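First comes the structure, then the notes that go with it.
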Protein chains: 2
Amino acid sequence: METYAYLESPEPQEAARFVNTYKRRGIVVVYGLCEVSYEGRAAARLEPMYRLIIIKRDGTLLVHESEKREPRIWNPPPSSNVALVIDGTLVIKSVRSRPLETVIVRIPIVSFAAFFPASSAPYRVHGTEKDMVRFLASNVGLIEEGATLVGVEVPTAVGSVDLLLRGMGGELIVVEVKRDLAGPEAVHQLKRYVEFFASKGEKVRGVLASPDISASAYKYLKEYGLEYRRLSPKQVFTA
Amino acid sequence: METYAYLESPEPQEAARFVNTYKRRGIVVVYGLCEVSYEGRAAARLEPMYRLIIIKRDGTLLVHESEKREPRIWNPPPSSNVALVIDGTLVIKSVRSRPLETVIVRIPIVSFAAFFPASSAPYRVHGTEKDMVRFLASNVGLIEEGATLVGVEVPTAVGSVDLLLRGMGGELIVVEVKRDLAGPEAVHQLKRYVEFFASKGEKVRGVLASPDISASAYKYLKEYGLEYRRLSPKQVFTA
DNA sequence: GTTTGAATATCGTTC
DNA sequence: GAACGATGTTCAAAC
């Protein structure tokens with residue numbers, strides 16, 4: 001396997017060649033004093049400061065400061081990143097085509113540059129909303145004793161219903177699932193589905209299933225005559 | 001200013017000391033063969049592979065692969081990150097308290113470890129939704145000829161209205177602003193506000209202002225008797 | 001290619 | 001500290 005490589009305090013020309021050589025092979029890291037400008041969907045500008053710049057082989061560009069999970073400036077893949085020397089300073093230019101977004105990193109002092117071979121692999125996260133829906137589809141009793149499954153991700157004119165059941169009284173039960181604290185938006189979403197089926201002349205109830213619900217969301221829920229079932233992703237994950 | 005530091009193929013003990021020494025001072029980068037597990041709001045596990053691990057002084061932990069803007073595994077600030085040696089291998093353990101989330105990175109082969117002094121500074125992005133709202137508040141004519149400003153970010157029982165105007169006919173005009181393509185959710189949001197004021201006995205119209213609108217969103221808009229004004233952040237940014 | 005909605009969303013602001 | 005909504009959201013699945 002190819003090994004890593006690095007340069008200490010390289011000349012701009014040398015640094016540019018290094019970046020261009022390795023940028024398509026793995027992860028390139030550049031550390032130095034830089035000023036950054038971004039223009040695209042919005043615009044921003046960062047004053048000169050020492051930062052960490054990361055270039056990935058798929059065209060990702062990240063400019064990280066010493067705090068926060070998020071890069072301060074970035075270009076998502078697929079972007080076109082090129083290193084060049086302008087007026088004796090290293091410049092990394094990143095262009096995303098659609099939408100057109102440009103990031104320009106001027107690095108008057110390049111302290112360190114490194115290349116790290118790395119790869120990427122498929123993975124899976126457990127405990128997503130999809131997992132919860134799947135679980136509930138096989139355990140509809142958790143929502144309503146004696147109910148039967150009508151469908152999962154059922155498309156309607158006002159959006160896709162997470163779970164659709166039929167209760168013992170013959171009524172439709174629309175279920176909206178959230179994997180986290182449910183807010184007002186979730187209740188309004190559920191209300192739309194219920195109103196849709198009601199307008200079709202169906203007898204229908206609405207149930208919100210989530211690990212928790214905010215006070216204001218609960219107020220709406222009651223106001224609209226909807227129901228709540230507490231259910232956490234943990235229950236799903238361990239099932 | 002403190003300078004950078006690095007280790008090549010360090011012993012686990014040495015690497016652990018390095019990480020713990022520098023983790024609160026700036027950005028620490030570790031490159032090596034690692035397997036990663038995460039458990040918290042959800043759960044995931046990454047098989048052994050060469051990856052880039054980043055630790056920031058605010059407790060951020062990022063595990064990056066060679067593609068995508070997003071880290072594969074992470075813990076956001078403020079988390080508590082500690083390096084230790086278990087059974088002769090470097091382990092970085094990250095714990096976030098609320099909610100409780102744990103990331104464990106086992107690194108049997110540490111190829112490279114580096115510390116980069118860096119800082120963090122306030123910054124500003126231009127062309128946000130807030131910018132658009134501010135601009136429209138000073139140029140209500142772009143929404144409705146002859147209208148007057150009633151308020152900005154006006155709180156209601158169903159949420160906060162971006163912009164509230166009064167038309168020449170004495171009617172209220174509720175304006176929902178989006179800085180990007182408006183989808184169905186934006187239309188439903190607007191509809192809620194309009195219904196709220198209508199229920200108060202107000203004569204009211206609803207206007208959605210955005211650079212573009214999806215086909216299905218437009219269908220809802222028309223169906224609900226709402227209006228559309230095309231307006232891009234660029235117009236704001238250059239104003 | 002476009003649209004749609006989830007996300008371990010993260011993050012700032014407000015209450 | 002909780003909650004609410006924007007984000008240059010990003011991302012993947014559905015169409």
Side-chain angles (χ1 to χ4, degrees), chain A residues 38-44 60 62 67-77 79 96 98-103 122 124-133 153 155 159-160 162 176-186 189 212-218 233-234 237, chain B residues 37-44 60-63 67-77 79 94 96 98-103 122-133 153 155 158-162 176-186 189 211-218 233-234 237:
Chain A
Y38 153 72
E39 191 165 343
R41 289 169 291 179
T60 300
L62 309 172
E67 296 181 359
K68 299 299 170 192
R69 201 204 89 131
E70 294 301 303
R72 256 311 159 60
I73 297 280
W74 71 91
N75 240 353
S79 300
R96 179 193 194 183
R98 219 189 160 74
L100 178 60
E101 304 206 90
T102 307
V103 174
R124 186 171 134 60
V125 177
H126 301 264
T128 61
E129 181 182 305
K130 209 170 178 179
D131 289 330
M132 288 180 69
V133 171
E153 295 298 336
S160 194
D162 284 336
E176 172 65 27
V177 178
K178 288 292 161 202
R179 69 171 308 291
D180 207 342
L181 176 78
E185 211 58 43
Q189 208 174 331
D212 204 356
I213 181 168
S214 75
S216 69
Y218 191 77
K234 268 288 162 34
F237 183 57
Chain B
S37 66
Y38 152 71
E39 192 165 341
R41 289 168 291 179
T60 300
L61 175 80
L62 308 173
V63 179
E67 296 180 0
K68 299 298 170 191
R69 200 203 89 133
E70 294 301 302
R72 257 310 161 59
I73 298 274
W74 72 92
N75 238 354
S79 300
S94 176
R96 179 193 193 184
R98 211 221 266 6
L100 179 61
E101 304 207 271
T102 307
V103 174
Y123 71 123
R124 185 171 135 61
V125 177
H126 301 263
T128 61
E129 181 181 305
K130 211 170 180 177
D131 289 330
M132 288 180 69
V133 171
E153 295 298 336
V158 293
S160 195
V161 171
D162 284 337
E176 172 66 26
V177 178
K178 288 292 162 202
R179 70 169 309 289
D180 208 341
L181 176 78
E185 212 56 45
Q189 207 175 330
D212 204 355
I213 181 168
S214 76
S216 70
Y218 192 77
K234 267 289 163 31
F237 183 56

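Excluded from the calculations below are hydrogen atoms, water molecules and symmetry mates; all remaining heavy atoms, backbone and side chain alike, are included. These figures come from a predicted structure and were not determined experimentally.
Contact check for B/Val63 versus B/Pro71: no side-chain heavy atoms found under the 4.5 Å cut-off.
Among the nucleotides D/dA6, C/dT8, C/dC11, the one closest to any side-chain atom of B/Glu129 is D/dA6. Closest to the B/Thr128 side chain, of the nucleotides D/dT7, C/dT10, D/dA6, is D/dT7. Of the listed nucleotides (D/dA6, C/dT8, D/dG8), C/dT8 has the atom at the smallest distance from the side chain of A/Val125. For A/Trp74, taking side-chain heavy atoms from C-beta onward, the closest of the listed nucleotides D/dG5, D/dT9, C/dT8 is D/dT9. Of all nucleotides listed (D/dA12, D/dG8, C/dT10), D/dG8 comes nearest to the side chain of A/Ala42. Of the candidates D/dA6, D/dC11, C/dT3, the closest approach to any side-chain atom of B/Glu176 belongs to D/dA6. Listed nucleotides: C/dT8, C/dT3, C/dA6. Nearest to the side chain of B/Leu181: C/dT3. Each of C/dA7, C/dG5, D/dG8 was ranked by its minimum atom distance to the side chain of B/Pro184; first place goes to C/dG5.
The pair A/Lys178-A/Glu176 meets the salt-bridge criterion, since a charged nitrogen lies less than 4.0 angstrom from a carboxylate oxygen. By the 4.0 Å N-to-carboxylate-O rule, A/Lys130 lies too far from A/Asp162 to be salt-bridged with it.
Residue A/Lys68 contributes atom NZ, which lies 6 Å from atom P of C/dC11 at whole-angstrom precision. To the nearest angstrom, P of C/dA7 lies 8 Å from NZ of A/Lys178. Across the protein-nucleic acid pair, B/Arg124 atom CZ and C/dC11 atom C1' stand 16 Å apart, rounded to whole Å. Rounded to a whole Å, the CZ atom of A/Arg41 is 11 Å from the P atom of D/dT7. As rounded to whole Å, 15 Å separates atom P of D/dG8 from atom CG of A/Leu62. B/Arg69 places its CZ atom 12 Å from the P atom of C/dT10, with the value rounded to the nearest Å. Across the protein-nucleic acid pair, B/Arg98 atom CZ and D/dG1 atom P stand 6 Å apart, rounded to whole Å. If you measure from atom CD of B/Glu70 to atom C1' of D/dA12, you get 13 Å, rounded to the nearest angstrom.
Sparse packing is recorded around CZ of B/Arg98, with 12 or fewer heavy atoms of other residues, nucleotides or ligands lying under 6.0 Å away.
Taking atom C1' on both C/dT14 and D/dG8, the two are 24 Å apart, rounded to the nearest angstrom. Nucleotides D/dC11 and C/dC11 are separated by 16 Å at their P atoms, to the nearest Å.
At the phosphate of C/dT8, neither OP1 nor OP2 sits under 4.0 Å from any side-chain N or O atom of B/Arg72. Here A/Ser216 does not reach the OP1 or OP2 of D/dA3: none of its side-chain N or O atoms lies under 4.0 Å away.
Between the B/Glu101 side chain and the B/Arg41 main chain, a donor and an acceptor come within less than 3.5 Å of each other.
Both distances falling under 3.5 Å, in either a Watson-Crick or a G-U wobble arrangement, place C/dT10 opposite D/dA6.
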Next item on the list: May I have the step-by-step check of side chain to side chain contact (heavy atoms under 4.5 Å, CB included) for B/Arg69 and A/Leu62, ending in yes or no?
Entry: CA-CA 7 Å; B/Arg69 200 203 89 133; A/Leu62 309 172; 3.5 Å; yes
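Checking B/Asp162 against A/Lys130, the closest nucleotide of DNA chain D that is more toward the 5' end is the one next to B/Asp162. With the nearest nucleotide of DNA chain C identified for both B/Gly40 and B/Tyr123, B/Gly40 has the one nearer the 5' end. Sequence order on DNA chain D of the closest nucleotides to B/Val158 and A/Pro77 puts B/Val158 first from the 5' end.
For A/Asn75 and D/dG8, a side-chain-to-base donor-acceptor distance below 3.5 Å is present, hydrogens and geometry of angles not being considered.
Within the nucleic acid shown, B/Pro76 comes within 4.0 Å of sugar-phosphate atoms alone, with no base atom in reach, counting heavy atoms only.
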